[in-house]
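Some notes on the structure that comes next.
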Amino acid sequence: MNTQGILRRQANLLVCDLRRARVCKSSKGATRSYDRWKRALLQAGDEGNTLVEVALVLPILLSVVMGIFVVGMIFNNYLMLTQAVGAGGQYLQLIRTDPTATDPCSNTFAAITQAAPTLNSSNISLSFSLNGTPFTGNSCPNDQGYLQAGQPVTVTATYPCNFVIMGVNFAAANITANNPTGCQLQASVTEYEY
């Protein structure tokens, strides 16, 4: 047998392998039977399995990735709120002797919002305990007398968070009139006046 005939037969086999569902001649020159053609046609459908697997796994994978991002943003807000409340507590501790600080709660709120620029300041709720006397809100005018040396001052801040992943609110069980998102971050610090 000559080289050209061998190459032609190998090319014919290669074409048959590439187009398994098509009727083509085998190396012996005979055509495929109907059963062999049907079997080749049914075996040729394996390429769609990957697409089905991706379609089934992709929503779950996207939910996990979105969950990681949402939890990361909530944790970032919590760290920012904790750091800002610490700065506000230190500021409240230091303004006891400042005669220009007539509203220590408002000044502390300003210090907290400056320390947390990425948080929405209108959503931050504060409560104070000055020398054992509780105050709620961002203002307590003319209460400089509550700041006494050696006495504790406590600053507590709450901030709403949004725990929604792909349209599902995972904090929906905690939704109330005071907590419309169902998720609240809270940070508190106690400092002693000196």
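If you're wondering where the values come from, they're calculated on a predicted model, not measured in any experiment.
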Would you kindly say whether T154 and T190 are connected by a side-chain donor-acceptor distance under 3.5 Å?
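A donor-acceptor contact under 3.5 Å links the two side chains.
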Distance-only polar pair, side chains of S188 and T156, donor-acceptor under 3.5 Å:
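Yes - a donor-acceptor pair under 3.5 Å links their side chains.
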Kindly work out whether a path of hydrophobic side-chain contacts (I/L/V/M/F/W/Y, heavy atoms less than 4.5 Å apart) joins F69 to I74.
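Each belongs to a different hydrophobic cluster.
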May I ask whether L79 and M73 are part of the same hydrophobic cluster, defined by side-chain heavy atoms of I, L, V, M, F, W, Y residues being less than 4.5 angstrom apart, directly or through others?
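Different clusters: L79 never reaches M73 through Ile, Leu, Val, Met, Phe, Trp or Tyr contacts under 4.5 Å.
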Minimum heavy-atom distance [X]-[Y], with the two atoms named:
X: F128; Y: G137; result: CE1-O, 3.3 Å
X: A55; Y: P59; result: O-CD, 3.3 Å
X: T108; Y: G88; result: CG2-O, 3.4 Å
X: V85; Y: A157; result: CG2-CB, 3.4 Å
X: M80; Y: A115; result: SD-O, 3.8 Å

L126 and its side chain to side chain contact (heavy atoms under 4.5 Å, CB included) partner, picked from T158, T136, I112:
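So, applying the side chain to side chain contact (heavy atoms under 4.5 Å, CB included) to L126 and each of T158, T136, I112, only I112 qualifies.
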If you measure from [atom1] on [X] to [atom2] on [Y], what distance do you get to the nearest 0.5 Å?
X: S125; Y: Q186; atom1: OG; atom2: CD; result: 10.5 Å
X: S127; Y: F135; atom1: OG; atom2: CZ; result: 11.5 Å
X: Q114; Y: Y91; atom1: CD; atom2: OH; result: 8.5 Å
X: L94; Y: N107; atom1: CG; atom2: CG; result: 12.5 Å
X: L81; Y: Y159; atom1: CG; atom2: OH; result: 9.0 Å
X: C161; Y: L119; atom1: SG; atom2: CG; result: 11.5 Å

So, do P160 and Q184 sit near enough that their side-chain heavy atoms are less than 4.5 Å apart?
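A side-chain contact exists here, since the closest heavy-atom pair is under 4.5 Å.
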Is L58 close to I60 at the side-chain level, that is, under 4.5 Å between some pair of heavy atoms?
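In short, these two side chains do not touch, never coming nearer than 4.5 Å.
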Please check if the side chain of Q93 supplies one atom and the backbone of Y192 the other of a donor-acceptor pair under 3.5 Å.
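Such a contact is found between Q93 side chain and Y192 backbone.
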Linking Ile, Leu, Val, Met, Phe, Trp and Tyr by side-chain heavy atoms under 4.5 Å, what else ends up with L56?
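L56 shares its hydrophobic cluster with V52.
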